[in-house]
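Taking it in order: structure first as structure tokens, then the write-up.
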There are 2 protein chains.
Amino acid sequence: MINELEKIKDSLLIKDIKLEELSSMLGCLRGVIKHYKKGEEVLSQGAEIKKFGLLTEGKLQVVQYDYLGNKSILSIIEPKQIFAEAYAYVNKIPSMNVEALVDSTVLFLDSDKLSSPCHNCCTFHKQLVKNLLFIISNKNVNLTEKIECMSQRKTREKLLTFLSLESIKQNSKEFYIQYDRQGLADYLGVERSAMIQ
Amino acid sequence: MINELEKIKDSLLIKDIKLEELSSMLGCLRGVIKHYKKGEEVLSQGAEIKKFGLLTEGKLQVVQYDYLGNKSILSIIEPKQIFAEAYAYVNKIPSMNVEALVDSTVLFLDSDKLSSPCHNCCTFHKQLVKNLLFIISNKNVNLTEKIECMSQRKTREKLLTFLSLESIKQNSKEFYIQYDRQGLADYLGVERSAMIQ
DNA sequence: ATCATCTTGTTGTTTTTCCAACATACTTTT
DNA sequence: AAAAGTATGTTGGAAAAACAACAAGATGAT
């Protein structure tokens, strides 16, 4: 268990929390560690969620199957990232699956326990909540930006909106793009070959 | 001030918090009340945000001006709803304006103070954080669903995805749609007249 | 160095959307 | 009841995107 904590020590979720405090966190939040083989389902569509996950090792993908059975990749989870936290908090049944891309290890934490801290109200608990608020708010901002791009009607406008946002974010007319062409096309929901015209 | 609290007493933000505790909240979170005339700017694009808002009276709209100057309405804020909370938490400069549609009153609360509770760690403070987590998570889920619809390539598929999600949410083959045709077209980012074919 | 694989650019055809204009139905106001 | 306003349905032509298929270039492994 201590071993797993070492791997996630610079995760945003536990930012500014001392290593000593982490082991007590596991008790407070009913931490459970699970291992998954490549290809296994970590969370499945339609199953209720009470805990959110923190990936300690491996790689996961969040996928969605629409009413026609088409698969689309919503996001890739890398080590130290959390997932399913929003669904855990609103007690909604998620409409996506999480699958292990390689052999993976996940630390599940109780979302209820996190937001209703124990009576002693330990300092690390406050910090955890603060970190979680930051992470979810950040996702929120990113989702809003994605929608801003996708709301544009034309591929050209979607792309220009994306580039404009990146330029602002990186505060320069030159900036780094984290996607390759196909990836960017998928992100914007357009055809790769249409992006160049 | 007490007057304002009365108006928001069944806001999700202060769910399960006693009225007596609310006045101490105002102190803790450095509550500030501001009034706006119809048409005035409540928050402006590019200005840093340290507080988030809770609308106590009136009606606001969140709008965005893209690089071409085109205006698009992101959301309408009704009384008891909070706004700008995600941007306040990540300390990112918002890319949208908030404008008063009618004369409005806003209670601004300090986001830092909320997530770093005072030493005594009052019980209402815990509840506030819990409520905020719920609200933000819920927005997150809604944004994700919108993206799910908009990711579909064709208008027909966007619409079917939306309908399918609503059907699941309302757990019935018959369900209520909160938008009129034009509103739904705007939400999905398509042409109204193309939705019917 | 060669081969296989992945990424990107290019093209032509088909499909779909956009846009603008107008007809019809429904609501609200006077 | 009439009028004005709003929401919805319908259309045809222009514009754009989707799709599929292939070429050229880059990358990586053996």
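Residue numbers begin at 1 in each chain, while the letters A, B, ... track the order of the sequences.
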Taking [atom1] from [X] and [atom2] from [N], how many angstroms apart are they, rounded to a whole number?
X	N	atom1	atom2	value
A:I196	D:dA17	CD1	C1'	15 Å
A:M195	D:dA17	CE	P	12 Å
B:L159	D:dT8	CG	P	13 Å
B:E157	D:dA17	CD	C1'	13 Å
A:D186	D:dA17	CG	P	16 Å
A:E191	C:dT10	CD	C1'	13 Å
A:D180	C:dT8	CG	P	5 Å
A:L160	D:dA16	CG	P	14 Å

Distance-only side-chain donor-acceptor flag, B:T161 / B:E148, under 3.5 Å: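 Looking only at side-chain atoms, B:E148 and B:T161 do not form any donor-acceptor pair under 3.5 Å.
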
Over-ring placement of A:K34 relative to A:F108, 6.0 Å and 45° cut-offs: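 Because its charged atom sits under 6.0 Å from the ring centre and within 45° of the axis, A:K34 does stack over A:F108.
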
Selection from D:dA17, D:dC19, C:dC18 that lies nearest to any side-chain heavy atom of B:K154: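 The listed nucleotide nearest to B:K154's side chain is D:dC19.
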
Minimum-distance nucleotide (side-chain atoms of B:S193 versus D:dA18, D:dT11, C:dT17):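 The nucleotide sitting nearest to the side chain is D:dT11.
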
Within 6.0 Å of NZ in A:K50, more than 12 heavy atoms from elsewhere: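 No, NZ of A:K50 has 12 or fewer neighbouring heavy atoms, counting only those of other groups under 6.0 Å.
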
OP1 or OP2 of D:dG9 under 4.0 Å from side-chain N/O of B:R181: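 Affirmative; the distance criterion is met.
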
Check ion pair A:K38-A:D103 (N to O, under 4.0 angstrom):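 Salt bridge: no.
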
5' priority, DNA chain C, between A:R153 and A:R192 [closest heavy atom]: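 Between the two, 5'-proximity favours A:R192.
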
